[in-house]
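For reference, the structure discussed in these notes is given below.
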Amino acid sequence: MDSAALNALASSDPAAYRRAIRDWIATNLPPAWRSDAIDKVDPTLEELKDWEARMYRAGLWGAAWPKEYGGHGLTLREHLIVSQEVGRVPMPESVNSIGKELAGPIILAIGTEEQKKRFIPAILEMREIWCQGFSEPEAGSDLAGLRTRATHDGKVWRINGQKIWTSGGWRAQRCLLLARTGTLEDRHKGLALFALRMDAPGVTVQRIKQIDGEAEFAQVFFDNAPVEEIDALGAPNEGWKAAVRVLEIERATNRMYRAWRLENELRHLVSACRADPNLATLLSDPAYAQRLAQFRIEVEVLKRYVEGAVEDLVSGGSIGARGSLMKLHWSEAHQRFVALAMELLNQASLPPPPEVRAAQRRFRKAYMRARAETIYAGTSQIQLGIIADRILRLPRAA
Ligand SMILES: Cc1cc2nc3c(=O)[nH]c(=O)nc-3n(C[C@H](O)[C@H](O)[C@H](O)COP(=O)(O)OP(=O)(O)OC[C@H]3O[C@@H](n4cnc5c(N)ncnc54)[C@H](O)[C@@H]3O)c2cc1C
């Protein structure tokens with residue numbers, strides 16, 4: 001079925017639309033790429049780019065983006081259906097999630113017509129991978145303290161400074177860059193957002209090695225790096241407003257499939273435990289059963305948060321500070337769950353059966369990655385601060 005036929009099903013028969021997406025994934029995803037596969041192989045970057053471009057052509061990426069910019073012209077409701085089906089299957093994470101889930105939405109919201117026509121199709125077709133250049137060595141939680149400067153030399157903007165923790169910076173063609181146009185004292189007033197070319201002269205990328213052996217992050221240095229006027233996103237002094245919108249999207253609808261992927265992790269853990277006599281016994285221990293049931297409840301709560309947010313957005317509402325509730329909820333719950341998974345899997349029989357070895361490999365990685373989940377997109381303390389200020393409206397301590 002081509003994307004036009006799939007998109008037509010969305011309004012005529014949503015159940016068939018869902019089934020068609022499920023079938024497409026089952027037919028096209030190489031089984032060895034699933035993170036629950038016993039004989040798992042890691043796809044290369046080129047294979048992943050090709051896979052995501054195929055997903056787009058089939059109608060699975062860009063469902064809710066306007067047709068005039070290459071999207072499929074549906075709504076966030078269909079994006080949610082796609083996300084639920086993507087979440088059900090433990091497929092590789094997108095290598096362009098910053099392009100698709102942060103840069104794309106903000107360009108659609110504040111970009112010029114020309115920018116939308118240029119950037120959006122390039123993201124969907126995987127011709128341009130994006131990274132996010134917000135954090136700096138002296139500005140993480142306190143983003144308004146960032147020092148990377150953007151000055152206009154009469155012809156182009158010139159960028160000087162340094163970013164850090166730039167996920168996927170080494171593979172990106174574009175950077176969603178937040179830089180200072182005013183003085184440091186202006187704080188959030190003198191900031192601007194840019195679509196910087198990563199191959200521009202004066203841009204140096206250094207990869208950073210992580211505890212799990214991978215080098216997904218980079219630090220990026222800018223030495224008079226040029227940004228053309230046509231690549232400035234929004235007004236020069238409105239970067240803060242745009243950045244806050246990016247962060248709200250990041251906390252609420254980024255990786256909309258997450259709750260369904262967490263459900264898949266829970267199922268995988270339980271089925272791996274059932275394959276091992278030692279672990280099967282532990283599953284019926286009331287203390288473990290209680291903790292597993294607790295996570296099941298937390299996943300259901302997260303699903304309702306996401307579904308509620310989608311309904312509100314479709315009816316013209318905004319996400320606002322609610323994104324902080326969602327971010328805090330999933331990151332803290334997931335951290336507890338992967339710690340529980342490791343506690344269980346470490347008590348496997350020796351030698352562990354292949355199903356348990358596959359689960360150990362998956363959850364060891366998930367355990368280490370989850371350490372970062374309460375840090376990126378704003379730490380748990382920052383989310384608690386936003387919830388206290390903007391949702392509960394608690395008074396500040398004198
Ligand atoms: C896996 C991962 C991927 C990331 N990817 C990107 C990316 O692609 N692009 C990007 O720009 N950044 C990225 N980041 C950076 C991330 O946004 C920052 O790490 C985060 O904002 C925290 O900033 P910091 O590390 O400077 O810590 P700090 O801000 O120095 O915080 C240190 C500690 O102090 C606490 N703290 C700080 N301020 C307050 C406060 N006001 N109230 C209470 N407690 C406070 C924090 O909660 C934390 O525990 C990534 C981070 C991680 C871990």
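Ligands are counted one by one from 1 in listed order, and the atoms in each one are counted from 1 as well. Heavy-atom basis, side chains included; hydrogens, waters and symmetry copies ignored. Numbering of residues begins at 1 and proceeds along the displayed sequence.
For ligand 1, the protein residues within 4.0 angstrom (heavy atoms only) are Gln132, Phe134, Ser135, Gly140, Ser141, Trp165, Thr166, Ser167, Phe217, Ala372, Ile375, Tyr376, Thr379, Gln381, Ile382.
The pair Arg396-Asp389 meets the salt-bridge criterion, since a charged nitrogen lies less than 4.0 angstrom from a carboxylate oxygen.
A search for side chain to side chain donor-acceptor pair (under 3.5 Å) contacts involving Gln173 returns nothing, not counting sequence neighbours. For Thr374, the side chain to side chain donor-acceptor pair (under 3.5 Å) test picks out Gln335, with sequence neighbours left out. Annotation: ring pair (Phe, Tyr, Trp, His ring centres under 6.0 Å) contacts of Trp330 (sequence neighbours excluded): none.
Between the side chains of Tyr69 and Gln115, not a single donor N or O lies within less than 3.5 Å of an accepting N or O.
Between Phe221 and Gln206 the shortest side-chain heavy-atom distance falls below 4.5 Å.
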